[in-house]
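Take a look at the structure below.
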Amino acid sequence: MDKAYNSSFESQIYDQWLESGAFTPKVPAKPKEAKIKDNPYSIILPLPNANDPMHMGHALFTIQDILVRYHRMCGQPTLWLPGGDHAGIETQFVFEKRLAKEGKSRFDFDRQTLYKMIWDFVEDNRKLNQFQMKKLGFSMDWTRYHYSLEKPIVDNVLVTFKKLYQDGLVYRDEKIVNYCTFCGTAFSNLEVDHKTVNSHLWYFKYPVVGEKDRFVTVATTRPETMLGDTAVAVNPKDKRFTDLKGKKVLLPLADREIPIIFEDTIDIKFGTGAVKVTPSHSPEDYDMAKKHNLEFIRIFDYDGTSNQNVKNIYRGLFPNQLRQKVVDDLTTTGLMEKIEDYTHEVGHCYRCGRVIEPITAPQWYVKIDSLAKPAIEAAKTGQLKFFPTRFKKTYIDWMENIRDWNISRQIVWGPRIPAWYCLDCNPDIKLNFLDKNNNIVSDFYRNIKDKYSFEEINNGLQSLVAPTNAAFTIEKTDHCSKCKSTNLIQETDTFDTWFLSGQWPLSTLGFNTADPSKSSPDFDYFYPTTVMDTLWDILFFWVARMTMFGLYLTGDVPFKTVHLHSKVTDAKGQKMSKSKGNVVNPLDMTEKYGTDALRMSLVYGIAPASDFVVSEDKIRAQRNFVNKIWNSSRFVEMLIDRLNPKKITLDIDKSKLTSADKDILDKLNKIITSTTKNLETYHFGQASENLYQFFWHEFCDIYIENAKDRGEETIPVLLTVLITSLKLLHPFIPFVTETIYQNLQEKFNFKKELLISSSWPKNEN
RNA sequence: GAGUCUAUAGCUCAGUUGGUUAGAGCGCUUCGUUGACAUCGAAGAGGUCAGAGGUUCGAGUCCUCUUAGACUCACCA
């Protein structure tokens, strides 16, 4: 053996594991029946974004590898299924940043071309990502790898959409959505970051119609939206306004008359007690408008600028520009009463960081109540378990307050929603496309149908906006069943990524949504999977959605236990992310200290679901531990050589044990028990710490030191403790333990087997 | 506004259902070894376990309050 552990063995060892088939469990002929007897163990990998190079968050998949290696050694058929996610908006955002560097934008391309470009970009990175996971020693079944845009997976997801539609759970509506005008898409509530912003509260006066010198003063944080006001609301109990019943006010700068409405939800104490109502740009106002049947006037377009619904002088401005102009004009006309400092929460785009514009837009929704109900039940009954258990409450709270899910995104990168509109039946569809000369055309179909052929429109299509009353079919047909037109165009909205990844456990295990009886044996054998281990920050995004889909489609949860692990932070306690530029590359650490050292340092001493700071010191300390294991093994070999025994055996003669022997064997049995228990209960930090202590300070410092003065009768105990320790340590530090194990087999002619496939030790007492 | 979590050695953190002198890594002091060990070993300094009260034979561990910080969720102008 070499004098020090050398991580250059790693790739060779990994290949051995791969070739042995240890990563690929066999599914028996009758999976449903065999399942009960075999007790298979399965984990679906939280699919990394295919465009993402490895970061420390991915390195935490080590936790799953530990679980998988442990259960495999326990003799269970074990599956760890890897994958890659196209990651809709995330990937398109990254790609658009690259375009911007070349001075281009998404508007320079039709959607087919843009899609192809992003596809190629992802393909280049996808292989890298797989290579990196292998480097970290992850014992995933690569024969079952899936990518989220594989045709069968997408097809299955489209079938789910149709099923939801047929069950009356999909609808279109034009509600207020969280719209990012920069990213050009709507987002779900989860994708909005609320940030505290120092701003102002503007007080300005609306003249009461028919009453000279009488005004209603409103207080607002968004003066610019006043151009879209369609009412002023006051509390019916507010005596200051009771005499205004049935009156109207004149909206300044717009010269429209708008009603005064009475609404219980208005806080009498806030501001002036009178609120301007802008139904198209404020969620609360939207609700009020629906209730009171008010007019909707949308003054901002989806590109973020003010539109034709405002006077010419206010047109074409971004919200902050318009704000300045409105405030100026109100001031010069003497209607501005006062401006106060005010701090409040404003929604920002989680992706690009810009202010979210609440805006009415037609979108696709999934009715969520009937899906959430069984998912709540599953958590309450324990069909779905959480670790740490406190997340059960978080999960249930969120589920109980859930709102309908906006599943449409106005981006290119992802499967398009399978709905087709007949343009001739729906001439009010707005089309954005590049004509054959690459000029952007943006107009309603009715205005352009004579100018452009359907082919020209469809080929250069960027996006369309169909009114909510537009008729559509969810099957692609040759011609419209009503008017026989062949000008059928597919919805350009794509699915929220989580709509697709929410079905990941089903898709990857071969569940057949159209005909469940035709699902693959993998599904019958491994579903529901055993554990879902993931970062708690996607509990709602992903875990909740998977649970709902799983229960809706199969009647069963997709996984029995949700294990939520800690996030990796930098030295300052900040979450590592590419945008912050504080990413520590785990692969650099493996180069420097070896994969095992990195893996061990990731779990050593961590508490479940608490933050975890990566430090090089810690990795270095574990490197020393790995080296200690290496050298003590080497020394055991040397000791045995020196003793030159007649026969080398692992059989322990209990009648001849010294007190040192008894002591170490007793401690070995204890560490077997505690490690097993700790792994079963997800106490990886404790397990690794105990093993570290045992191996180094009990076995090396005491027993091996003692063995230096003994004869060959020490050999069985020496080797038993060493080999058993290797097995216990294997899930944590697979490479060094496997290397030593094979070395010992070679040297002493033991039976040949891979440590990865050896059996988990049992307490002999 | 609602909720969750954290507060233990100079630093980063463990401490699983309450039970003998509270632990690890790094750092620090002294000595030894350099014939297994990227050194390693032996010994040691360093903590009123945020503060106050309570439950208990017994609390870092359970309960209440206070203080400080972190995070999550949220359509209040």
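Computation of the quantities below employed the complete heavy-atom set of this structure, encompassing side-chain atoms and omitting hydrogens, waters and symmetry-equivalent molecules. A note on names: the letters A, B, ... follow the listed sequences, proteins ahead of strands, and every chain is numbered from 1.
We find that NZ of A:Lys677 is positioned 6 Å from C1' of B:U16, with the value rounded to whole Å. Distance CZ (A:Phe695) to C1' (B:G41): 16 Å, rounded to an integer number of Å. As rounded to whole Å, 15 Å separates atom P of B:C73 from atom CE of A:Met399. Distance A:Asn401 CG to B:A74 P: 9 Å, rounded to the nearest Å. Here B:U72 presents its P atom at 11 Å from CZ of A:Phe541, a figure rounded to the nearest Å. Counting to the nearest Å, the P atom of B:C73 and the CG atom of A:Leu190 are 7 Å from each other. Rounded to whole Å, the distance from CG on A:Asn706 to C1' on B:G41 is 15 Å. In this structure, A:Tyr350 atom OH and B:C73 atom P are separated by 13 Å, rounded to whole Å.
Proximity of A:Phe300 to A:Glu224: side-chain heavy atoms (C-beta onward) are separated by under 4.5 Å at one or more points. Looking at heavy atoms from C-beta onward, A:Val218 lies out of side-chain contact with A:Asp229 at the 4.5 angstrom threshold. Put simply, the side chain of A:Val717 does not reach to within 4.5 Å of the side chain of A:Arg710, judged on heavy atoms.
Atom CD of A:Glu746 has 12 or fewer neighbouring heavy atoms from other residues, nucleotides or ligands inside a 6.0 Å radius. Heavy-atom neighbours of A:Lys708 NZ from other residues, nucleotides or ligands within 6.0 Å: above the threshold of 12.
Rounded to a whole angstrom, the distance from the P atom of B:A14 to that of B:C76 is 34 Å. Comparing B:U33 with B:A42, their C1' atoms sit 11 Å apart, to the nearest whole Å. Between B:G23 and B:U66, the two C1' atoms lie 29 Å apart (nearest whole Å). Straight-line distance between the P atoms of B:U20 and B:U16: roughly 12 Å, to the nearest whole Å. Remark: the separation of the P atoms in B:G27 and B:A68 is 36 Å, to the nearest Å. Separation of the C1' atoms belonging to B:G47 and B:C13 is 14 Å when rounded to the nearest angstrom. Comparing the C1' positions of B:G1 and B:U21 gives an interatomic distance of 49 Å, to the nearest angstrom. For the P atoms, the distance linking B:G35 with B:C11 amounts to 39 Å, nearest Å.
Between the A:Thr230 side chain and the A:Glu295 main chain, a donor and an acceptor come within less than 3.5 Å of each other. Of the possible polar contacts, none joining the A:Asp404 side chain to the A:Tyr365 backbone as a donor-acceptor pair under 3.5 Å is found. Checked by atom type and distance alone, the side chain of A:Asp596 pairs as donor or acceptor with a backbone atom of A:Phe735 at under 3.5 Å.
Just one of A:Trp405, A:Phe540, A:Phe541 meets the ring-ring contact (aromatic ring centres under 6.0 Å, His included) condition when paired with A:Trp498; it is A:Phe541.
Note on A:Leu201: nothing from the nucleic acid sits closer than 4.0 angstrom, heavy atoms only. Heavy atoms of A:Tyr342 sit under 4.0 angstrom from primed sugar atoms or phosphate atoms, though from no base atom. Among the protein residues, A:Asp267 comes within range of the nucleic acid bases, having at least one heavy atom under 4.0 Å from a base atom.
Looking only at atom types and distance, the side chain of A:Asp341 has no donor-acceptor partner in the side chain of A:Thr343 under 3.5 Å away.
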Next item on the list: Classify every nucleotide of nucleotides 23-40 of chain B by which part a protein heavy atom approaches to under 4.0 Å, writing B for the base, S for the sugar-phosphate alone and - for neither, in 5'-to-3' order.
Entry: -SSS---------BBB-S

All N/O contacts under 3.5 Å from nucleotides 4-8 of chain B to the protein, with atom names and distances to one decimal?
none

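Sequence order on RNA chain B of the closest nucleotides to A:Thr220 and A:Asn678 puts A:Asn678 first from the 5' end.
Shortest non-hydrogen contact noted between A:Ser188 and A:Arg545 is OG-NH2, 4.4 Å. Shortest non-hydrogen contact noted between A:Tyr302 and A:Thr360 is OH-O, 2.9 Å.
Aromatic rings from A:Phe684 and A:Phe732 are positioned such that their centres are separated by 6.0 Å or more.
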Next item on the list: Whenever both distances are under 3.5 Å in a Watson-Crick or G-U wobble pair, mark it; put RNA chain B into dot-bracket that way, with [ ] for crossing pairs and | when the partner is on another strand.
Entry: (((((((..((((.....[...)))).(((((.......))))).....(((((..]....))))))))))))....

